[in-house]
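Notes follow once the structure below has been shown.
The figures that follow rest on heavy atoms only: side chains count, while hydrogens, waters and symmetry mates do not. It should be emphasised that the depicted structure is a prediction, and the values quoted were computed from it without experimental measurement. The first residue of the sequence shown is numbered 1, and numbering continues consecutively from there.
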Amino acid sequence: MSEPKLTLYSDANYYSPYVMSAFVALTEKGIPFEIETVDLAQAENLKENYSAISTTRRVPTLSNGNFQLSESSAIDEYIEELFPAPTFPAIYPENQEDRAKAREIQAWLLSDLMPIREERSTEIVFGGQHRPPLTPAGEVAAAKLYDAALRLLGERNNLFGEWCIADTDLALMLNRLYLNGDKVPEKLVDYVQRQWDRDSVKEWLALSAR
């Protein structure tokens with residue numbers, strides 16, 4: 001059986017945290033894939049040719065032959081099932097409850113903490129920009145994020161002992177604040193620096209630095 005031909009559609013700047021999650025998942029699996037960029041600033045995602053690839057007209061979208069899938073967490077889960085452990089490295093915890101918790105964390109990061117996403121864009125993380133101090137709403141969201149992250153980590157270096165894709169997603173959200181110079185608990189500073197030192201993350205950062 002021939003290997004699937006995978007194409008990951010990304011924003012042109014490589015600033016999307018959601019594309020980053022799918023990119024890291026594929027890279028950690030060691031799966032060959034191609035990248036196609038979509039210029040969101042020029043609304044290329046809204047043009048008819050892209051709608052034929054992505055029903056939602058969003059990035060990331062993963063193409064596998066005649067099958068296309070959007071939304072980063074759905075892509076991550078699809079990749080895990082298509083290329084399962086132990087043949088390929090796992091990107092989700094082995095334990096069923098830990099795996100469910102990892103998906104909970106991903107869903108939470110995608111649906112909550114809007115003040116952080118609004119006040120600390122990924123231009124800070126990938127473009128070296130800085131923003132003014134957080135608003136009161138931003139401070140509340142940051143405190144909520146720190147408290148949850150500290151509780152989830154406990155004394156571990158990763159969320160569930162071994163690295164999983166939710167670690168990358170959580171570190172990205174924390175880095176919106178840390179790389180802006182906001183005060184972040186030392187335990188979480190150590191955590192994000194460790195996550196940012198993974199080879200798969202460095203490969204993504206090299207793309208966004210172009």
Side-chain angles (χ1 to χ4, degrees), residues 10-28 40 59-60 72-73 75-76 91-93 98 101-210:
S10 169
D11 62 304
N13 293 332
Y14 301 101
Y15 279 13
S16 167
Y18 316 115
V19 179
M20 177 185 173
S21 183
F23 176 93
V24 168
L26 286 162
T27 303
E28 291 281 345
L40 304 183
V59 295
S72 57
S73 59
I75 291 170
D76 291 346
I91 60 169
Y92 282 96
D98 288 346
K101 198 71 178 176
R103 289 167 174 159
E104 176 196 271
I105 293 166
Q106 287 185 294
W108 172 57
L109 293 171
L110 287 167
S111 63
D112 198 2
L113 307 171
M114 184 59 74
I116 296 175
R117 286 184 278 160
E118 291 177 344
E119 299 177 34
R120 296 290 181 265
S121 86
T122 53
E123 291 179 345
I124 293 167
V125 179
F126 303 122
Q129 297 189 18
H130 285 80
R131 296 289 186 271
L134 291 167
T135 64
E139 291 179 352
V140 169
K144 179 180 178 181
L145 173 63
Y146 298 156
D147 180 68
L150 289 168
R151 289 173 182 272
L152 288 164
L153 280 168
E155 299 302 315
R156 298 183 295 268
N157 291 327
N158 297 305
L159 286 166
F160 304 102
E162 296 294 326
W163 174 88
C164 75
I165 191 62
D167 283 299
T168 297
D169 295 344
L170 178 58
L172 183 284
M173 185 62 79
L174 290 165
N175 255 335
R176 291 175 183 262
L177 297 153
Y178 173 62
L179 294 177
N180 191 69
D182 297 294
K183 186 172 177 57
V184 177
E186 191 61 33
K187 164 77 175 177
L188 299 180
V189 171
D190 292 342
Y191 172 72
V192 297
Q193 290 177 337
R194 188 178 302 106
Q195 300 304 325
W196 241 233
D197 200 40
R198 291 190 74 82
D199 289 342
S200 57
V201 173
K202 288 180 179 178
E203 287 189 38
W204 174 260
L205 295 177
L207 292 173
S208 64
R210 291 179 180 176

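A distance of 4.5 Å separates CG in Asp182 from CG in Leu134, rounded to the nearest 0.5 Å. One distance of note links CG of Asp98 with CZ of Arg103; it measures 12.0 Å at 0.5 Å rounding. Between the OG1 atom of Thr168 and the CG atom of Asn175 there is a distance of 11.0 Å, given to the nearest 0.5 Å. If you take CD1 on Ile165 and CG on Leu159, they are separated by 11.5 Å, rounding to the nearest 0.5 Å.
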>> salt bridge (Lys or Arg N to Asp or Glu O under 4.0 Å) for Asp167 and Arg198? Distances and angles first, verdict last.
In response: CA-CA 11 Å; Asp167 283 299; Arg198 291 190 74 82; over 6 Å; no
>> Working note: Asp76 + Ser21, criterion side chain to side chain donor-acceptor pair (under 3.5 Å); need CA distance, chi angles, decisive distance, verdict.
In response: CA-CA 7 Å; Asp76 291 346; Ser21 183; 2.7 Å; yes
> Can Ser200 and Glu28 be said to form a side chain to side chain donor-acceptor pair (under 3.5 Å), step by step?
Replying inline: CA-CA 6 Å; Ser200 57; Glu28 291 281 345; 2.6 Å; yes
>> Between Val201 and Thr27, does the side chain to side chain contact (heavy atoms under 4.5 Å, CB included) criterion hold? Intermediate values first, please.
In response: CA-CA 9 Å; Val201 173; Thr27 303; over 6 Å; no
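Tyr92 and Ala102 make their closest contact through CD2-CB, 4.1 Å (heavy atoms, listed as atom of the first residue, atom of the second, distance). Residues Ala25 and Ile91 approach most closely at CB-CD1, 3.7 Å, considering heavy atoms. Arg156 approaches Gly161 most closely through the heavy-atom pair CD-N, 3.5 Å. Across all non-hydrogen atoms, the minimal contact from Ala171 to Val192 is O-CG1, 3.9 Å. Residues Pro132 and Arg120 approach most closely at O-NH2, 2.8 Å, considering heavy atoms. Residues Leu113 and Ala141 share a closest heavy-atom pair of CD2-O, 3.6 Å.
A side-chain contact (heavy atoms from CB on, under 4.5 Å) with Ser10 is found for one member of Val19, Leu40, Leu207 and no other, namely Val19.
Val184 is not listed as a side-chain neighbour of Tyr191, based on a closest heavy-atom distance of 4.5 Å or more. The closest side-chain heavy-atom distance from Pro115 to Val140 is not below 4.5 Å. By the 4.5 Å heavy-atom criterion applied to side chains, Ser208 and Asn13 are not counted as neighbours. Under the 4.5 Å side-chain criterion, counting only non-hydrogen atoms from C-beta, Asp169 is not in contact with Ile105. Between Leu172 and Leu109, the closest side-chain pair of non-hydrogen atoms is not below 4.5 Å. Using a 4.5 Å heavy-atom threshold, the side chains of Leu177 and Ile124 count as separate.
For the pair Thr135 (side chain) and Gly138 (backbone), a donor-acceptor distance under 3.5 Å is present. Here the side chain of Arg131 pairs no donor or acceptor atom with the backbone of Glu119 at under 3.5 angstrom. In this structure, the side chain of Asp11 engages the main chain of Tyr15 through a donor-acceptor pair within 3.5 Å.
Qualifying side-chain contact (heavy atoms from CB on, under 4.5 Å) partners for Asp190, counting only residues two or more places apart in sequence or in other chains: Glu186, Gln193, Arg194. Residues forming a ring-ring contact (aromatic ring centres under 6.0 Å, His included) with Tyr18 (at least two apart in sequence, or on another chain): none. With sequence neighbours left out, the ring-ring contact (aromatic ring centres under 6.0 Å, His included) criterion links Tyr178 to no other residue.
A side-chain donor-acceptor contact under 3.5 Å links Gln195 and Asn158.
Aromatic ring pairs are classed by plane angle as parallel below 30°, tilted from 30° to 60° and perpendicular above 60°; the pair Phe126 and Trp196 is parallel.
Ionic pairing of Lys144 and Asp112 is present here: one or more N-O contacts between side-chain nitrogen and carboxylate oxygen are shorter than 4.0 angstrom.
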